[in-house]
Amino acid sequence: MMGGMNDTNDIPERLEAGMTAPDFTLPDDRGGELTLSSLHGGRVILYFYPAAMTPGCTKEACDFRDRLDRLTAAGYTVVGVSKDPVDKLARFRERDGLTFPLLSDPDLTVHKAYAAYGEKKLYGKVRLGVIRSTFVIGADGTIELARYNVRATGHVDSLLKQLAKLD
């Protein structure tokens, strides 16, 4: 019998600055695939969010969209990852005019590799779920910044301040 996420050895270790970002290939919202290592040579902001088209996730995605010019000018590619199916991601992109790749990870493999799935507190109860997380990955594939349990509102502005300190 296979153990579930409740087994302590199944809960992934959180990633930290200096670690190599786990590589992956996932389907995107436009019917293609994206491999993280194909973006090496540029810096990447990889963020995990619980569910497309929910209020908090929409706010976060629109904040990234609204600041994408600044981020792109600074050399960053923004990539969002959720467990949503590709067709829902395409609707999310179209509804909110999102201009960066949205990746589908329905079996949570990549979420778990980044420790963006695990125990979290919601309304005072501990449960398993997606942990809203953001990673800044350098041109060489090394994590420069790992932030877990971020808030949807204000996160991108806070991130921009941290990015200014990294440069």
Side-chain angles (χ1 to χ4, degrees), residues 14-15 17 21-22 24-36 38-40 42-118 120-123 127-139 143-167:
R14 288 197 167 182
L15 303 180
F24 61 82
T25 299
L26 287 174
D28 68 22
D29 57 306
R30 297 184 182 270
E33 285 186 337
L34 188 137
T35 300
L36 179 65
S38 73
L39 301 174
H40 285 182
R43 295 162 93 188
V44 176
I45 296 172
L46 180 68
Y47 83 98
F48 292 84
Y49 59 96
M53 299 199 276
T54 56
C57 296
T58 298
K59 172 76 175 128
E60 185 179 26
C62 290
D63 283 351
F64 273 116
R65 177 201 66 203
D66 294 346
R67 288 153 184 85
L68 197 60
D69 287 348
R70 279 177 66 187
L71 292 165
T72 302
Y76 293 97
T77 298
V78 174
V79 178
V81 181
S82 74
K83 64 186 186 305
D84 297 304
V86 171
D87 61 333
K88 184 175 180 187
L89 295 177
R91 289 196 312 273
F92 188 31
R93 171 181 35 86
E94 290 164 12
R95 187 192 77 174
D96 293 300
L98 304 177
T99 52
F100 53 86
L102 300 173
L103 306 182
S104 174
D105 182 29
D107 63 5
L108 300 167
T109 301
V110 177
H111 283 73
K112 290 174 184 174
Y114 280 80
Y117 183 86
K120 65 181 194 173
K121 270 194 175 163
L122 193 63
Y123 307 114
R127 50 188 292 225
L128 289 176
V130 174
I131 299 165
R132 191 182 303 276
S133 308
T134 300
F135 303 89
V136 177
I137 302 166
I143 294 173
E144 295 179 355
L145 181 67
R147 293 186 58 192
Y148 290 93
N149 296 308
V150 300
R151 293 181 180 276
T153 302
H155 169 57
V156 177
D157 287 332
S158 169
L159 182 63
L160 283 167
K161 289 176 187 155
Q162 285 189 291
L163 294 177
K165 293 176 189 172
L166 287 178
D167 290 334

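- A 4.5 Å side-chain heavy-atom check between Phe64 and Leu98 finds every atom pair outside the cut-off.
- Contact of the Val110 side chain with the Leu26 side chain is registered, since non-hydrogen atoms from C-beta on lie closer than 4.5 Å.
- The two residues Pro27 and Val86 have their closest heavy-atom pair at CB-CG2, 3.9 Å.
- Between Pro22 and Tyr114 the shortest heavy-atom distance is O-OH, 2.6 Å.
- A search for side chain to side chain donor-acceptor pair (under 3.5 Å) contacts involving Asn149 returns nothing, not counting sequence neighbours.
- Between Leu89 and Ser82, some side-chain heavy-atom pair lies under the 4.5 Å cut-off.
- Distance check, rounded to the nearest 0.5 Å: OG1 of Thr25 to CG of Leu36 gives 9.0 Å.
- Between Cys57 and Phe92, the shortest heavy-atom contact is O-CZ, 3.9 Å.
- Looking at Ser38, its side chain does come within 3.5 Å of a backbone N or O of Thr35 through a donor-acceptor pair.
- Summarising the local packing, CZ of Arg70 is surrounded by 12 or fewer heavy atoms from other residues, nucleotides or ligands at distances under 6.0 Å.
- At least one side-chain heavy atom of Leu34 sits under 4.5 Å from a side-chain heavy atom of Leu39.
- Annotation: side chain of Val130 is in contact with side chain of His111 (closest heavy-atom distance under 4.5 Å).
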**OP:** I would like to know whether Leu163 and Tyr76 meet side chain to side chain contact (heavy atoms under 4.5 Å, CB included); could you show each step before the answer?
**Re:** CA-CA 10 Å; Leu163 294 177; Tyr76 293 97; 3.5 Å; yes
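- Remark: Asp157 does not engage Lys161 in a salt bridge, criterion side-chain N to carboxylate O under 4.0 Å.
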**OP:** Verify side chain to side chain contact (heavy atoms under 4.5 Å, CB included) between Leu160 and Arg67, making sure each step is shown before the conclusion.
**Re:** CA-CA 9 Å; Leu160 283 167; Arg67 288 153 184 85; 3.7 Å; yes
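- Looking at Tyr117, its side chain never comes within 3.5 Å of a backbone N or O of Ile131 through a donor-acceptor pair.
- Using modelled atom types, one finds a donor on one side chain and an acceptor on the other under 3.5 Å when comparing Arg147 with Ser158.
- Taking each heavy atom of Arg65 and Phe100 in turn, the nearest pair found is N-CE2, 3.8 Å.
- Here the side chain of Asp28 pairs a donor or acceptor atom with the backbone of Gly32 at under 3.5 angstrom.
- Taking all atoms of both residues into account, the shortest heavy-atom contact from Gly154 to Asp63 is N-OD2, 4.2 Å.
- Using a 4.0 Å cut-off between a side-chain N of Lys or Arg and a carboxylate O of Asp or Glu, Asp105 and Lys83 do not qualify as a salt bridge.
- Side-chain contact between Thr77 and Arg43 is absent, with no heavy atoms from C-beta onward closer than 4.5 Å.
- Crowding of Asp107 atom CG: a count of heavy atoms from other residues, nucleotides or ligands under 6.0 Å exceeding 12.
- The residue from Leu145, Thr134, Val136 that alone fulfils the side chain to side chain contact (heavy atoms under 4.5 Å, CB included) condition with Gln162 is Leu145.
- For the residue pair Arg14 and Ser133, no side-chain donor N or O sits within less than 3.5 Å of a side-chain acceptor on the partner.
- How far CZ of Arg151 is from NE2 of His155: 12.5 Å, rounded to the nearest 0.5 Å.
- Between Val79 and Leu102 the shortest side-chain heavy-atom distance does not fall below 4.5 Å.
- In terms of modelled atom types and a separation under 3.5 Å, the side chain of Asp84 and the main chain of Ala51 share no donor-acceptor contact.
- For Tyr47 and Phe135, the distance between ring centers is not under 6.0 angstrom.
- To the nearest 0.5 angstrom, Met53 atom CE is 4.5 Å from Arg91 atom CZ.
- Residues satisfying the salt bridge (charged side-chain N to carboxylate O under 4.0 Å, His left out) test with Arg132, not counting sequence neighbours, are Glu60.
- Using a 4.5 Å cut-off on side-chain heavy atoms (C-beta onward), Val156 and Lys59 make no contact.
- The shortest heavy-atom contact between Tyr148 and Ala116 is CE2-N, 4.4 Å.
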